[in-house]
2 protein chains.
Amino acid sequence: MTDVADRVETGSNADSIDVSALGELLMGRWAAARRHSRELVKRPEFQREPGLPMPEHRKRVFHQLELLVENKAVHRAFPKRLDGEEDHGGNIASFEEFLIGDPSLQIKAGVQWGLFGAAIMHLGTERHHDAFLPGAMSLATPGAFAMTETGHGSDVASIATTATYDPEADEFVIDTPFRAAWKDYIGNAAIDAKAAVVFAQLIVAGVNHGVHALYVPLRDGAEFLPGIGGEDDGLKGGLNGIDNGRLHFSGVRVPRTNLLNRYGDVDENGVYSSPIASPGRRFFTMIGTLVQGRVSLDGSATVASKMALQIAVTYANQRRQFSDTSEGEEVTLLDYGRHQRRLLPRIATTYAMSFAHEELLAKFHDVFSGAHDTDADRQELETFAASLKPFSTWTALDILQETREAMGGNGFLAENRVAQLRADLDIYVTFEGDNNVLLQLVAKRLLSDYARRFAKPDAAAISKLVAAQVGEVAINRSGLRAFGQRIGDLGSTARSIGRLRSADAQRALLTDRVETMVGEIAGRMRGVAKLSPAKAAALFNANQNELIEAAYAHAELLEWEAFTAGLAKIADPQTKKVVTWLRDLFGLGLIEKHAAWYLIHGRVSGPRMQAVTDYIDDRLLPRLRPRAQELVDAFAFEPEHLRAPVASGAERERQEEARAWFAAQKAAGTAPVMEKSQKKK
Amino acid sequence: MTDVADRVETGSNADSIDVSALGELLMGRWAAARRHSRELVKRPEFQREPGLPMPEHRKRVFHQLELLVENKAVHRAFPKRLDGEEDHGGNIASFEEFLIGDPSLQIKAGVQWGLFGAAIMHLGTERHHDAFLPGAMSLATPGAFAMTETGHGSDVASIATTATYDPEADEFVIDTPFRAAWKDYIGNAAIDAKAAVVFAQLIVAGVNHGVHALYVPLRDGAEFLPGIGGEDDGLKGGLNGIDNGRLHFSGVRVPRTNLLNRYGDVDENGVYSSPIASPGRRFFTMIGTLVQGRVSLDGSATVASKMALQIAVTYANQRRQFSDTSEGEEVTLLDYGRHQRRLLPRIATTYAMSFAHEELLAKFHDVFSGAHDTDADRQELETFAASLKPFSTWTALDILQETREAMGGNGFLAENRVAQLRADLDIYVTFEGDNNVLLQLVAKRLLSDYARRFAKPDAAAISKLVAAQVGEVAINRSGLRAFGQRIGDLGSTARSIGRLRSADAQRALLTDRVETMVGEIAGRMRGVAKLSPAKAAALFNANQNELIEAAYAHAELLEWEAFTAGLAKIADPQTKKVVTWLRDLFGLGLIEKHAAWYLIHGRVSGPRMQAVTDYIDDRLLPRLRPRAQELVDAFAFEPEHLRAPVASGAERERQEEARAWFAAQKAAGTAPVMEKSQKKK
């Protein structure tokens, strides 16, 4: 890459970073678990066969699940007394890497062990563990997680399936009373599931105790048990190795003891009891035990983004297109300014996602291992997951699409992976909680935190506080005022970008935006408690879009903070320097993305905002460009993981063959004369 | 929709628009041709079968092409003396609607008649028409358009396949001298094509006359002819009904007369001649005859966007999720502020695309019918197509994705169309000219127009002019200065948005941005002619990203102008009022999108920019929301076109069934008491 290094201000091969140490850092605390999965999925039997029709794809993936059991790849989270390891972080980490083989394999494994098995573990008690977990773990009982209904997607509290206690028979009777109450999009439901954890409104003696989960046998062999029926959801936009389907229940009876009773039980006298008095809190506690789905999607989206970038950057460093001078040497794609703008900021975002996910996973592990498991910890974990999952899953789709386009027709071929990965990951943005719904949960948390900061605030007080916040609090505290004021200080890019380059300034700007947005919304919603329900709802709805944007701003801040914290773990000075540029590209990229907000709110002047763009274009991208290959090589995927001919080195060989051919032709004197040059003669 | 109308400031059913007349306007000048296709694709045999494996999908689509011939659906563009109609606009219009059946059917038809057939027609002369067009038209000769090579995608001038004239045999010898020169991604090449139009460097007596096209037989039955070989491109991210493949040629001989010789010929004495002296201009003229591909993709992207929005808006008007008040009535999706922000601006953009495409198609028809066919007309057509195609194909992907997400899991099911449409349309953004490459062509045209406006400008002059332009010219001419200055005039939204609502102000702001961006780039590139080639290339490259952004700004302006011109054709006052709001949503949406630019350049003050956002949220979206269904119903797709269960009315039935069930339960007194309310008692 000497040709590249010559063109840029800084950077030569002497400036190489420590790819191996950086790769180790990115692998994180559960590197061993990740490596175990990465070794497994090198084997062809764990890999997707691109053209397989849906029925064969489903069969292949089911068989892959059997192979996962054989290879002891899926029991890390389960109790030690049942031959598990009670290693919650390692379990999720290893699971995330299954995506390299085939996202269908990953998500089908998630259905079996992360949803069906985990629901038995977290919502059931010892008797359920003993009775049902061995079958779930060994795949002797393929299972479904029957929560979502046709009529209720992300609004789980409103599902309409009922489980009514029949005291005479000491049984629960499960019913889906109308079509909208059918369970829908349920993995394993169309074909494989022999049992399901079914979520239903629990009705005991005429009282609805809210959503609870029951263990329900579904099929005997290939046939549904009496009272149960279903449909195949058929072909989907991706993940076609999974047999999603619908389920309906008519008077289906299960023993009372099939109620997964950790958070709510009915005793032999037909009396309901729960360790959590509030039905609302009980519901959120039960749902909260299933947060691992969101955690693992965040990590999976990061894995997919890394793969796509390692493929696309490798290609962009080999592929040449169009000549930039009359000498006719064609230019490597990544030397184009536009191509750098397309790929390098996405590498930066992926690093942020990698560091942020590592923090999320540690938090998850702490809660589920019991190391730090207070109510506050659980709430924090849920908010963290609900923040990061929308950010990373949307970002992954963006990265998969941009890398697809950056490879042109090659990117569209299934053999080069990214088009199929994109199709499979599409659903990640709306399942395990629709991203827009999750961000509203985050926003509500931000609003209540905001209110809590001020003891017993009334409407007027909040309003005042918001005004103060916008005008002074955030600004003074974080030293932001300086940016907005020095509109006059134009000059060289280096001088004008000034303090904005510092981590403190980036943090201050990103933090200020979140706090100000939340404060502004709180201000507009003051007095909401005094309104009629309809008017209150209308007021909330009028702010819904901005609420979601505020929550997303919060997610961006979390990603930035994690990236910045990650820098401290890099020992090698050169590596640290380069990855700090990458962090700056991420941070300043966010500020550039939200330039209008900073300008409207007077936080950054127009000339200084222009300097941010210039600094990205004229400094950061040229500095990072020669290190791009190393930065993606640190993702450490091997050829058996990427399996993309476009990034195999074949392109470089083709270029060299072509160049050699033209050189030989020239040497032999057989090259035709161009009509144009002939005329000049 | 009374529930909706009650909530918004304006709009009730009395405010309905004239859907039928609006629909007719959107169908445009070639409505009859469109209707012919829309009737055809109602027939199941023209429709996609979602789960078909690739080999069967390919066979089905080939058979559909035979049916198109039988139904006289594909000969509109061809010469009357060969039983065509010489109706170029109608041909493209009818072609665009094929997408409703299956985009694979559309693009495979495009390969056969729009590329293979059209190349014979436009690049060949009468003898080629007589010899080759009948077979192409009747599908007796399935054909390929062998232009793109593995080593050269959008850089057609650099392809490496050669056609060398052999005077002794009076033949051309075709060679792909190395792997990178293989033709790649060629539709029909893997299986069906019996012949191809092959693009190659034409070498006559040791002189390379640049890229020319030759008619080359490929296969006898299923077997390649001697010297020809190939590979199947295999599975792709979409469009799997088309057999894309690779082709290579080793010493393949065709008669001299197989050279498609309209723009360059070799006579029986082996002497090359061309009606166009300049090799560069000759190349662009030849390529220019093939502009219809880009034109038709612009229209196809518009058709797909309309389908997706009619599906998603219909669903969003029926689907209810979450309760907004304690009374428990769930809210229609489209009543959510966020959902309105997601869907309504995309309806506006689709209207712009529809009107803009109609103008592009008229321009295309004028040029190819000979009505207005000067060099300037052709250049204008090419720039127009190169502007609109990137805008509409990227927008279509955005719309297909957002509608997919807006329908949650339902959007991911193949039966609901948008996920598969998205997969198929993915490649539209990089084929027929990569969008980023096309925008660079537009940018170069904008730059040269800019330079031409000032006679023989030298570096200093350009620089001065740019400064003047930025500071005064554009601003004074379009009356923009007023916006930037009145920073103090806060107040109500209505007052603050003020003149920005007017069409003139929107036009001035959008125009100013294009002109200023181009002027700034021209200023930075002053003196480029005096630099070394390498330094000049580096300077150009440093501006590449902004050049592309300027070209995209130009495309946005063209879309806005077409939308605005379209308004004049609406007679009904109420319809005109509503569609004018929609145009404002599009125009102000563009200004909001580029808010940072307007703020940095002092064109709009911060408070006024905030007022734009408030005006969109508080006025335009609530006004348009009750008209949303009518606005998408005007796209006039029938159930056989949409074929999406999610938009069939089934959702409304399910909701009604559920409500009736709960009402009956309540009436019978069998509804369970909620635990929460029980405790209160």
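First the proteins, then the strands, lettered A, B, ... as listed; each starts at 1.
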Check: Between Asn541(A) and Tyr336(B), what is the shortest heavy-atom contact and its length?
Finding: OD1-CA, 3.3 Å
Who wins among [options] for the most heavy-atom pairs under 4.5 Å with chain B?
{"options": "Gln340(A), Arg404(A), Arg342(A)", "answer": "Arg404(A)"}
{"options": "Gly206(A), Ala595(A), Pro53(A), Ser532(A)", "answer": "Gly206(A)"}
{"options": "His152(A), Gln420(A), Met609(A), Gln610(A)", "answer": "His152(A)"}
{"options": "Arg341(A), Glu415(A), His339(A)", "answer": "Arg341(A)"}

Identify which part of [X] has an atom lying under 4.5 Å from any heavy atom of chain B, answering side chain, backbone, both or neither.
{"X": "Phe540(A)", "value": "neither"}
{"X": "Trp394(A)", "value": "side chain"}
{"X": "Tyr272(A)", "value": "side chain"}
{"X": "Ala419(A)", "value": "side chain"}
{"X": "Leu621(A)", "value": "neither"}
{"X": "Glu405(A)", "value": "both"}
{"X": "Asn410(A)", "value": "both"}
{"X": "Asp426(A)", "value": "both"}
{"X": "Asp233(A)", "value": "both"}
{"X": "Val437(A)", "value": "side chain"}

Can you say whether [X] sits under 4.5 Å from chain A via the side chain, the backbone, both, or neither, judging by heavy atoms?
{"X": "Thr150(B)", "result": "both"}
{"X": "Leu547(B)", "result": "neither"}
{"X": "Val204(B)", "result": "neither"}

Margin query: Does Arg282(B) form a salt bridge (charged side-chain N to carboxylate O under 4.0 Å, His left out) with Glu675(A)? I'd like the steps, not just the answer.
Written below: CA-CA 12 Å; Arg282(B) 187 189 312 141; Glu675(A) 180 188 324; 2.6 Å; yes
Next item on the list: Check each of Thr162(B), Leu202(B), Ile203(B), Val207(B) against Pro672(A) using the side chain to side chain contact (heavy atoms under 4.5 Å, CB included) test, and report the only one that passes.
Entry: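 So the option named by the test is Ile203(B).
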Notebook entry, point to check: With sequence neighbours excluded, what pairs up with Arg654(A) under the side-chain hydrogen bond (donor to acceptor under 3.5 Å, both in side chains) test?
Noted result: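 Per chain and number, Arg654(A) pairs via side-chain hydrogen bond (donor to acceptor under 3.5 Å, both in side chains) with Glu651(A).
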